[in-house]
Amino acid sequence: MEQHASWLTHLVNRYLGQFALELLSALHITPNHREMPIPEHVVMSMVVLVLGTVLALALRSRLSADRPGGMQQVAEMLITNPLGFGIRDLLDENAGHGGRRFIAFTGGISVFILLANLLGVVPLFSSPTGEKSVPLGCALLTFVYFNYQGVRHHGAIRYLLTFAGSPKKLADWLLVILLFPVEIISTTARVLSLTVRLWANIFASDLIYTLFLSLLLSPVLWAQSKSIALAVILGVFPALIPLIFIALHIFVSVIQSYVFTVLPSIYLGMATAEEH
């Protein structure tokens with residue numbers, strides 16, 4: 001379900017909409033809404049990319065080994081921390097010490113998802129991960145990347161044989177016809193698993209927040225016709241209760257970013273694992 005268009009989406013389409021229409025026409029793609037060819041989740045994704053780039057450049061300019069600032073300390077906690085759930089920690093645990101070469105990709109997609117999830121907390125913005133095509137794109141990138149690393153590590157033939165249990169004996173080869181399609185389906189299903197898990201949680205979080213806010217506003221609108229004092233009293237609830245759902249959304253955002261770090265690190269570890 002496409003999110004309600006924000007003021008920024010309207011502004012972007014006002015100035016870039018015609019260019020987007022011409023580009024889509026050249027690609028023989030028909031947009032769902034010609035008056036707004038650049039959808040909300042695309043605009044919000046671009047906001048996340050710009051925000052992430054600005055934060056990275058600001059952090060790079062302030063790096064210090066002697067006097068690390070607050071931003072640097074937060075970034076270092078994302079990479080490694082005493083609790084062991086930093087990006088490097090998870091790669092070390094699931095992909096071995098050689099897994100540190102995957103930090104750039106795993107960290108990049110993890111931070112993108114974290115910022116994208118948290119963007120919905122900011123007034124007048126929305127989480128692009130609440131639209132299923134964005135989690136699908138992240139899942140497809142992860143799928144292509146860990147399979148590429150598997151092929152790069154083992155070679156194409158040896159990597160394909162890992163889906164059949166790396167057969168050596170005649171009895172092993174007899175099981176190939178059974179194991180190979182099962183493993184291929186299981187591996188491909190990871191795209192669906194990553195997509196649905198992220199999209200469903202963020203979509204549900206946004207939906208619950210919107211639903212409860214509308215339910216809380218209804219009594220206030222009714223009370224306005226009866227008494228101003230009653231409306232003020234009831235107005236406390238829609239002013240304070242949403243804070244609980246904002247905290248819940250932040251919690252879900254962090255957890256889903258963590259999951260999208262753990263699972264790719266596991267997949268990379270499995271794709272590059274040596275036989276024992």
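Side-chain atoms of S45 come within 3.5 Å of backbone N or O of H41 as a donor-acceptor pair. Side-chain N or O atoms of T187 include one that pairs as donor or acceptor with a backbone N or O of E183 at under 3.5 Å. S253 places a side-chain N or O within donor-acceptor distance of the main-chain N or O of H249, the cut-off being under 3.5 Å. Q149 contributes no side-chain N or O that, together with a main-chain N or O of L268, makes up a donor-acceptor pair within less than 3.5 Å.
Ring planes of Y267 and F146: tilted class, angle from 30 to 60°. Between Y145 and Y148, the ring planes lie tilted relative to each other; the angle falls in the 30° to 60° range.
How far CG of N147 is from CZ of R152: 14.5 Å, rounded to the nearest 0.5 Å. Atom CD1 of I184 is separated from atom CG of L160 by 6.5 Å, given to the nearest 0.5 angstrom. The line from CG of N201 to OG of S127 is 12.0 Å long, rounded to the nearest 0.5 Å. With rounding to the nearest 0.5 angstrom, the CG atom of N117 is 9.0 Å from the CG atom of D206. If you take CG on L115 and CG on L51, they are separated by 5.5 Å, rounding to the nearest 0.5 Å.
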- Under the ring pair (Phe, Tyr, Trp, His ring centres under 6.0 Å) criterion, do Y159 and F163 qualify, and how do the steps go? CA-CA 7 Å; Y159 182 62; F163 290 93; 5.1 Å; yes

- Query: Can I87 and F102 be said to form a side chain to side chain contact (heavy atoms under 4.5 Å, CB included), step by step?
  - Reply: CA-CA 10 Å; I87 297 165; F102 308 133; over 6 Å; no

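At a threshold of 4.5 Å between non-hydrogen side-chain atoms, the residues E22 and Q18 count as touching. At least one side-chain heavy atom of T272 sits less than 4.5 Å from a side-chain heavy atom of R101. Contact annotation: the side chain of M46 approaches that of L49 to within less than 4.5 Å [non-hydrogen atoms, C-beta and beyond].
Transitive grouping of hydrophobic side chains (ILVMFWY, heavy atoms separated by less than 4.5 Å) brings W7 and Y15 into a common cluster. L140 and L194 fall within a single hydrophobic cluster, where Ile, Leu, Val, Met, Phe, Trp and Tyr are joined by side-chain heavy atoms under 4.5 Å apart, directly or via other members. A chain of hydrophobic side-chain contacts below 4.5 Å, direct or via other Ile, Leu, Val, Met, Phe, Trp or Tyr residues, connects V47 to L124. Tracing side-chain contacts under 4.5 Å through hydrophobic residues (I, L, V, M, F, W, Y), one reaches L11 starting from F125; they form part of the same cluster.
Tested against I38, the residues T9, V12, L24 include a single side-chain contact (heavy atoms from CB on, under 4.5 Å) partner, V12.
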